[in-house]
Peer 1: 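Mind having a look at this structure? Questions to follow.
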Amino acid sequence: MSNITVCARFRPLSSKERRDHGDAVCIQCVDSETFIFKDEKAEEFTFNFDRVFYEKSEQTDVYRFLAQPIVQDALNAVNGTIITFGQTGAGKTYSMEGPGILECHAVEKGLLPRVVEEIFECTKFADETSKYTIKLSMVEIYMEKVRDLFDLSKDNIQIKESKTQGIMLNGVIEMPVKDPPEALLTLSNGIANRAVGETQMNIASSRSHCIYIFTIQQESTKDKRARTGKLNLVDLAGSEKVEKTGAEGRVLEEAKTINKSLSALGNVINALTCGPTGRGNHIPYRDSKLTRILQDALGGNSRTALLCCCSPSPTNSSESLSTLRFGARAKHIKTSPRVANEDKSIRELENFTPIKRESREKLLNELQESLDMEHVQILEQLFIQNGILFDPCSIEEPELAYEDVTSQTISSLQLALEELLSTNVELMKENVGLKARVSAAELHHEPISKSSLLVSISCHLSLFRDWFKSLFHSPPNHYT
Ligand SMILES: Nc1ncnc2c1ncn2[C@@H]1O[C@H](COP(=O)(O)OP(=O)(O)OP(=O)(O)O)[C@@H](O)[C@H]1O
């Protein structure tokens, strides 16, 4: 088990930030791992990350620390994921791509072109018994749909899980690339297909999460055994307060969808780092496409790094603080990267699958025995009405659908439980108030009016009724 690597990066102040606040910044460097952050109320927070990149840090520093070890591992068939996270305009795309993927000053090249160079450089000098094949895929998650950026007609790619290869994108195009120029041209074609909108925060704001997937297959010419490493580079859409972006209409809907999937990511991180360990802890990976795709990176077989991009300006301090808190929490996630060796995977499959399958079947049988058919049908109707269960006709694999439904139901119930707990706290407070009123009235020998007691009780009841209703009228969770 190893922790994911989490770094923070502060970009230089923008000209607008300089106009608003001059040279003021909300961070004070302590060393290369620690800094003090001052929020709007001048409260100080000390943050500690694996590495902090301040405004003078160069692209090569970020690459060497954050990405190079993961690329080296991917060349040895260990899966890797590098994620950029932060508010709109914080420097995610600059870190990932640089100012331009095809042409830019060498020092400004982002992670992506550097990854391409390193992969081909290493494969060129690999020993003669190894033959490498590099393939590229590019998808974006736009409005909760996964689109293939190499073939826009594939605009609703399904996410599948394989016992041997983990999370997979069904039917996604994999472009073979033979050298860096071809790889960069392929990537730039994909980037041109990304959904970009304009917000007040950033005029070329990415309105989607973009995932660059490098599949690196290594075949031994001696014994023909092949092993594959997958490297995902994830440029997340901006996390910002909707009001600050000045978004309306479609852009507002986009912002809400982005925020929803980023909250789902936050919930997954919370569940991975706060919940009880072991089988009882439900990790809501299936609550959004983003978390489902990142499932292996966050909780499975992947070496993962997160770059938290921030503005250093006091103008954006509340957004920067939430980005940094997100990173601080993610630092506690543990993953178990291992070599994706095909033979070993098959052996693992032979060893473990029958046990898992047997226990799942046992569970299903027990469930069927303990519930009447009539109850199962009522539950099914209820779930369909509330958008928890999707149309069974659209499901290709019932087993996957069953897992999705179970997972989403658990999430809904957890939400309901949280609401119930908070209603309970409110009711308890009210109860204390009522008791105090009764005691005060008794002390002063004042009769408490029946009507005021009735109002309080009906207040209690309506709170409870609202909660109960909300259980069955939560917005539908579309999941196709
Ligand atoms: N480290 C940096 N050095 C110099 N300029 C930077 C740096 N980081 C970001 N910038 C500049 O800041 C602006 C916003 O950066 P960028 O587009 O990368 O933000 P973003 O986080 O990807 O935003 P969005 O979520 O809207 O896509 C760009 O003009 C970019 O060139």
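Each ligand, and each atom within it, is numbered from 1 in the order the structure gives.
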Peer 1: For T93, counting its heavy atoms only, list the atoms of ligand 1 lying under 4.0 Å from any of them.
Peer 2: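 Listed by number with element: 18 (O), 20 (P), 22 (O), 27 (O).
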Peer 1: Got an N/O contact under 3.5 Å between K92 and ligand 1?
Peer 2: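 For ligand 1, there is an N or O atom that lies under 3.5 Å from one belonging to K92.
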Peer 1: Is there side-chain contact between F120 and E182, with at least one heavy-atom pair below 4.5 Å?
Peer 2: no
Peer 1: Pick out which of K135, K154, M138 makes a side-chain contact (heavy atoms from CB on, under 4.5 Å) with I173.
Peer 2: K154
Peer 1: What distance do L294 atom CG and Y285 atom OH have between them, rounded to the nearest 0.5 Å?
Peer 2: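 It is 10.0 Å, given to the nearest 0.5 Å.
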Peer 1: Which option wins on minimum heavy-atom distance to atom 19 (O) of ligand 1: G91, G98, G238?
Peer 2: G91
Peer 1: Check each of F65, F49, F53 against L307 using the side-chain contact (heavy atoms from CB on, under 4.5 Å) test, and report the only one that passes.
Peer 2: F53
Peer 1: So is E55 touching ligand 1 or not, going by heavy atoms under 4.0 Å?
Peer 2: no
Peer 1: Just to check, does G89 reach to within less than 4.0 Å of ligand 1 when the distance is taken from its heavy atoms?
Peer 2: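 G89 counts as a contact of ligand 1 under the 4.0 Å cut-off.
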Peer 1: Taking distance alone, with no angle check, do A90 and ligand 1 share an N/O pair under 3.5 Å?
Peer 2: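 So ligand 1 has an N or O lying under 3.5 Å from an N or O of A90.
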Peer 1: Looking only at distance, does D235 have an N or O less than 3.5 Å from an N or O of ligand 1?
Peer 2: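 Between D235 and ligand 1 (N or O atoms, distance only) the closest approach is not under 3.5 Å.
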Peer 1: Among R19, E17, E40, which residue meets the side-chain contact (heavy atoms from CB on, under 4.5 Å) test with T315?
Peer 2: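 Single pass found, and it is E17.
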